[in-house]
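Report on the structure given below.
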Amino acid sequence: VEKRWMKMVAYLFLFTNVATIVMTHSRGALLALAVLSLVLVVHSRHKLTVIAAMVVLAAPTVYLVYDSLGDRLATFENLEADGSASSRLRYWKAATSMAMDYPVLGVGFGTYNWVSLSPNYLGVVNERQHVIHNNFLQMATDSGVFALLILLWQIWFSIFWLGRSAKKIKKTHPELLPYPRAMGGA
């Protein structure tokens, strides 16, 4: 963007998005933020400036939640002891077994099917009706391996097509280059 006020709004949105992600204490979201930050640095012409801006944007939020965030990140050392992570690992194991038992059509789309069959795989009743917390395993369990392959193909094709689009646009309309790159995440 060219106008100064638009740049300031974009920086404000960037700051609030980073703050939101950090304050959720979601390990997956923090990992995604780290990967996206790496992608931004790799594709930037001003790498040191981008790194400095990221540090400046993240520092206030990290400072505010440093103790609780540190405790949350410490659970990476022993995922089995963390209740959230260990339950997800159990769900993933159960979902893998369920997907192998119902490979063609899955158990049917919707949470109820997974929840009603999960005690057979978990050994306990899924009282809170938790989902699998993994889109790919959920797709394989709900709809079968062929639906999962279609999903993976769609993702791969989108990234491939947007990459090709970025290469073409770079030659003809370089000012539009950020759009396919942003949509492709690379």
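Since this is a predicted model, take the numbers as computed values, not measurements.
- Using a 4.5 Å cut-off on side-chain heavy atoms (C-beta onward), Val18 and Met54 make no contact.
- Within 6.0 Å of CE in Met23 there are more than 12 heavy atoms belonging to other residues, nucleotides or ligands.
- In this structure, Asn135 places its CG atom where only 12 or fewer heavy-atom neighbours from other residues, nucleotides or ligands lie under 6.0 Å away.
- Summarising the geometry of Ala19 relative to Thr61, their closest heavy-atom pair is CB-OG1, 3.3 Å, with the distance given to 0.1 Å.
- Here the straight-line distance linking atom OH of Tyr102 with atom OG of Ser143 works out to 14.5 Å at 0.5 Å rounding.
- Residues Thr96 and Met100 form a side-chain contact, since some pair of their non-hydrogen atoms from C-beta on lies under 4.5 Å apart.
- Within a 6.0 Å sphere centred on CG of Leu48, heavy atoms belonging to other residues, nucleotides or ligands number 12 at most.
- For the ring-ring contact (aromatic ring centres under 6.0 Å, His included) test, residues two or more places apart in sequence or in another chain that qualify with Phe160 are Trp156.
- With hydrogens and angles ignored, the 3.5 Å screen pairs a side-chain donor or acceptor of Thr24 with a backbone N or O of Ile21.
- By the rule that hydrophobic residues join a cluster once side-chain heavy atoms approach within less than 4.5 Å of another member, Met139 and Val145 end up as members of separate clusters.
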Exercise. Check step by step if side chain to side chain contact (heavy atoms under 4.5 Å, CB included) holds for Val56 and Phe15.
Key: CA-CA 9 Å; Val56 167; Phe15 171 73; over 6 Å; no

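- By the 4.5 Å heavy-atom criterion applied to side chains, Ile169 and Pro180 are counted as neighbours.
- Note that CG of Leu14 is 8.0 Å distant from CG of Leu40, once rounded to the nearest 0.5 Å.
- Residues satisfying the side-chain contact (heavy atoms from CB on, under 4.5 Å) test with Lys168, not counting sequence neighbours, are Arg164.
- Residues Leu12 and Met6 are members of separate hydrophobic clusters, defined by side-chain heavy-atom contacts under 4.5 angstrom among Ile, Leu, Val, Met, Phe, Trp and Tyr.
- Note: the hydrophobic cluster containing Trp92 also contains Val107 (ILVMFWY, side chain heavy atoms under 4.5 Å, direct or indirect links).
- Within 6.0 Å of NZ on Lys93 lie no more than 12 heavy atoms contributed by other residues, nucleotides or ligands.
- Hydrophobic clustering, with ILVMFWY side chains joined whenever heavy atoms are under 4.5 angstrom apart, groups Leu148 together with Ile159.
- Looking at Leu117 and Asn120, their side chains come closer than 4.5 Å, going by heavy atoms from C-beta outward.
- Panel note: side chain Thr141, backbone Met98; no donor-acceptor pair is recorded below 3.5 Å.
- In this structure, Leu64 is a member of the same hydrophobic cluster as Leu30, with clusters built from ILVMFWY side-chain heavy atoms closer than 4.5 Å.
- The main-chain N or O of Val42 is found under 3.5 Å from a side-chain atom of Lys47 such that the two form a donor-acceptor pair.
- Put simply, the side chain of Ser165 never gets that close to the backbone of Trp161: no donor and acceptor are under 3.5 Å apart.
- Judged by distance alone, the side chain of Thr16 and the main-chain N or O of Phe13 form a donor-acceptor pair under 3.5 Å.
- Side-chain contact annotation: Tyr91 with Asn134, donor-acceptor N/O pair under 3.5 Å absent.
- Here the closest heavy-atom approach between residue Asp101 and residue Tyr121 is recorded as OD2-OH, 2.7 Å.
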